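Below: the structure, in structure tokens.
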Amino acid sequence: MIKTSANTPTGRSNIPHGLDLLNRQGVNKGTAFTEVERTRFGLHGLLPPHVETLDEQVVRAYGAYQRKYDDLERHIYLRALQDTNEVLFYRLLLDHIEEMMPIVYTPTVALACEQFSHIYRRPRGVFISYPLRDSIPELLQNRPNKDVDVIVVTDGERILGIGDQGAGGLGIPIGKLSLYTLIGGIRPERTLPIVLDVGTNNTERLNDPEYLGWRHERITGQDYCDFVDQFVQAVKLEMPETCLQWEDFATPHARPILNRYRDQLLTFNDDIQGTSAVALGAILAAVKVTGKSLKDQHVVMLGAGSAGIGVADGLCAEMKEEGLSEEEARSRFWVIDKDGLLRSGRKDLAPEQSVYAQPESRFSGWPRTSNGDIGLADVIATINATILIGLSTVGGAFTDPIVREMARKVERPIIFPLSNPTSRSEANAEDLIRWSDGRALVAAGSPFAPVGYSGRKIPIAQCNNVYIFPAMGLGVVASGARRVTEAMMLAAARALAGNSPALKDASASLLPPLPDLRRVAAEIAVAVGMQAQRDGVAHMVDEDELRERVRKTQWTPAYDTG
């Protein structure tokens, strides 16, 4: 039976009847409605006579999924199922998580964002467009459900590695929140995807007659900042205890927004902090495989955007925990952007980049490119780099000579091409294994199949933020945290590293397998909640009680039989 209390998925005491019920994805059970329920809710004649179990529905749904001829069609099918029957959607994903996560999220979601206006079917989430900037509280009041645990918001400017998608960027918050539910167990009706539509500079979108967003060049400067502030103030008014995740904002905006609002509400930026935490977790595991410590590593980072600097910040913070001073830790980073190595003589660096600028004295006499810059190949040729990370979105940037030179100096080079989608990955995992003679410890931002080498299969971990943000959501909801601190992110990274299969088998993946993610998310959530208490941003409970809260918070896709 469907519960009719105020705790029903609709959040209302009055359950809809007939077609209204079948069109309500949060409570619709489709062919699984029992005979009693069909009588009670006026469903006889609207459904085939056979009453199915959820297991039977999953079999049929999977068969329909398999008949789709490409990944975009599979994505469209899954989104349609999500809009029809959420329990069935999440149960199908849970049963086939390795196969379907790349379809519902990266890398297929990138194409879905590009094609958003062409594949749009039913409304999901909230569009907050600049022309309606003075009505944001009213727009938020139109949300489907009053009680919201997690918001994911984007302005669509820097979607994955494909850039400005305008209103089509809403596909990212929709996909992210699907994973909050699938892995973190945040109830689906308590999530809210939002796009701040401030226009787009993508001429392909502006010239597309089917484009559904606001047809205007992007708002910039103070007007943009004021608009974001109007949004934040409306969230504080309407949903003051909701966790707000910033997603895919361009580098000039991402960190300033985070810094401005991190102490005003429960918020974090997944591109900066989530990417940092998952990369740190995987690197901590890799470093343990090598038998070394993190403070002894020398890190080369290709990419100095918000994600790249975020990863450097996380690694630097952990090095300090291992005993290095701030100056000693930063001296171990060689960060390279499109204009070459970050160095003290450059005048184009943002404040967060300048802290990683190496003094000119450290590379006097180094080889340089024809225009005087110091590039990736120059750095790898000169220092004994132990860790190479890519967050540049430059496909193929980690070349054969660069990798071979690194592997010549280091027994177990740690190489993470983290850009996605796959076309933007700095290297193919198979090439990295081959160029390093099978010695590289590899994690990638996009999914890669296990690599065959010398008679063995080498698993390639997907260093995806999905290991962190769903668990972070679960942890803050279960603990009642009021803020997200940097220490909570470090706690999440350490908990993830502690669950690495490579700690028990050096030939195993650096990160847990996808089918194990819900269990790992619960472990990370406990670590996050305990750290929140130590940081004074959550009420004190003992670990056993917090673990029980996490267990009760983590929703499982199953039909209510109460």
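Not measured: the values here are computed from a predicted model.
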Checking salt bridge (Lys or Arg N to Asp or Glu O under 4.0 Å) for the pair Glu328/Arg332: CA distance, chi angles, key distance, verdict?
CA-CA 7 Å; Glu328 289 171 331; Arg332 283 159 169 74; 5.8 Å; no
For Asp535 and Thr485, which I'm curious about, is there any donor-acceptor pair between the side chains at under 3.5 Å?
yes
Is any side-chain heavy atom of Phe268 less than 4.5 Å from a side-chain heavy atom of Cys243?
yes
Can you tell me how far apart CD1 (Ile336) and CD1 (Ile374) are? Round to the nearest 0.5 Å.
9.0 Å
Run Lys295 and Glu321 through salt bridge (Lys or Arg N to Asp or Glu O under 4.0 Å) and show every step you take.
CA-CA 9 Å; Lys295 64 183 177 62; Glu321 289 291 319; over 6 Å; no
So how far is it from Glu247 CD to Asp270 CG, rounded to the nearest 0.5 Å?
5.0 Å
Any non-hydrogen side-chain atom of Leu244 less than 4.5 Å from a side-chain atom of Val153?
yes
With a 4.5 Å heavy-atom cut-off, do Pro450 and Ile458 have their side chains touching?
no
No-hydrogen, no-angle side-chain donor-acceptor test under 3.5 Å, Asp313 and Ser276:
no
May I ask you to check whether Arg519 and Asn499 show a side-chain donor-acceptor distance below 3.5 Å?
yes
Consider only side-chain N and O atoms of Asp248 and Thr154, and report whether a donor and an acceptor are under 3.5 Å apart.
no
Minimum-distance pair of heavy atoms, taken over all atoms of Met530 and Glu543:
SD-CA, 3.9 Å
Begin with the C-alpha distance, continue with both residues' side-chain angles, and end with the deciding distance and a verdict on salt bridge (Lys or Arg N to Asp or Glu O under 4.0 Å) for Asp400 and Arg434.
CA-CA 9 Å; Asp400 181 334; Arg434 180 162 48 86; 5.4 Å; no
Side-chain contact, heavy-atom cut-off 4.5 Å: Arg79 with Val104?
no
Per the ring-ring contact (aromatic ring centres under 6.0 Å, His included) rule, which among Tyr90, Phe469, Tyr105 passes with Tyr180?
Phe469
Results of ring-ring contact (aromatic ring centres under 6.0 Å, His included) for Trp334 - residues two or more places apart only:
Trp366
Measure the shortest side-chain to side-chain distance between Val109 and Leu160 over non-hydrogen atoms and say whether it is less than 4.5 angstrom.
yes
Test: Glu326 and Arg330 ion pair at under 4.0 Å
yes
Considering all heavy atoms of both residues, which atom of Arg412 and which atom of Ala440 are nearest to each other, and what is their separation?
NH2-O, 4.3 Å
Test item: Pro256 and Asn259 side chains (from C-beta on) under 4.5 Å apart, heavy atoms:
no
Is any side-chain heavy atom of Thr242 closer than 4.5 Å to a side-chain heavy atom of Asp149?
no
OG-CE distance between Ser436 and Met406, expressed to the nearest 0.5 angstrom:
9.5 Å
From the list Val466, Leu93, Leu94, side chain to side chain contact (heavy atoms under 4.5 Å, CB included) partner of Ile183 resolves to Val466
Would you call the rings of Tyr62 and Tyr65 parallel, tilted or perpendicular, taking 30° and 60° as the class edges?
parallel
Is there a side-chain contact between Glu426 and Val394 (heavy atoms, below 4.5 Å)?
no
Modelled atom types, side-chain donor and acceptor of Gln462 and Ser446, under 3.5 Å
no
Please report the closest heavy-atom contact between Gly305 and Thr251, naming both atoms and the distance.
CA-OG1, 3.6 Å
Would you compute the distance between atom CG of Leu315 and atom CD1 of Ile283 and round it to the nearest 0.5 angstrom?
4.5 Å
Within this structure, what is the CG-CD distance for the pair Asp542 and Gln533, rounded to the nearest 0.5 Å?
8.5 Å
Can you see whether Thr556 engages Arg91 through a side-chain donor-acceptor pair at a distance of less than 3.5 angstrom?
no
Run the side-chain hydrogen bond (donor to acceptor under 3.5 Å, both in side chains) check on Ser178 and Gln82 step by step: do they pass?
CA-CA 9 Å; Ser178 297; Gln82 183 181 18; 3.2 Å; yes
Can a salt bridge be assigned to the pair Asp337 and Arg346 using a cut-off of 4.0 Å between side-chain N and carboxylate O?
yes
Checking salt bridge (Lys or Arg N to Asp or Glu O under 4.0 Å) for the pair Arg74/Asp71: CA distance, chi angles, key distance, verdict?
CA-CA 5 Å; Arg74 296 182 186 102; Asp71 285 348; 2.7 Å; yes
Any donor-acceptor pair under 3.5 Å linking the side-chain atoms of Thr181 with those of Trp555?
no
Could you check whether Gln273 and Glu486, counting side-chain N and O atoms only, form a donor-acceptor pair closer than 3.5 Å?
yes
Matching residue for Thr275 among Leu391, Ile468, Asn464 - test: side chain to side chain contact (heavy atoms under 4.5 Å, CB included):
Leu391
Working to the nearest 0.5 Å, report the span between CD1 of Ile257 and CZ of Arg262.
13.0 Å
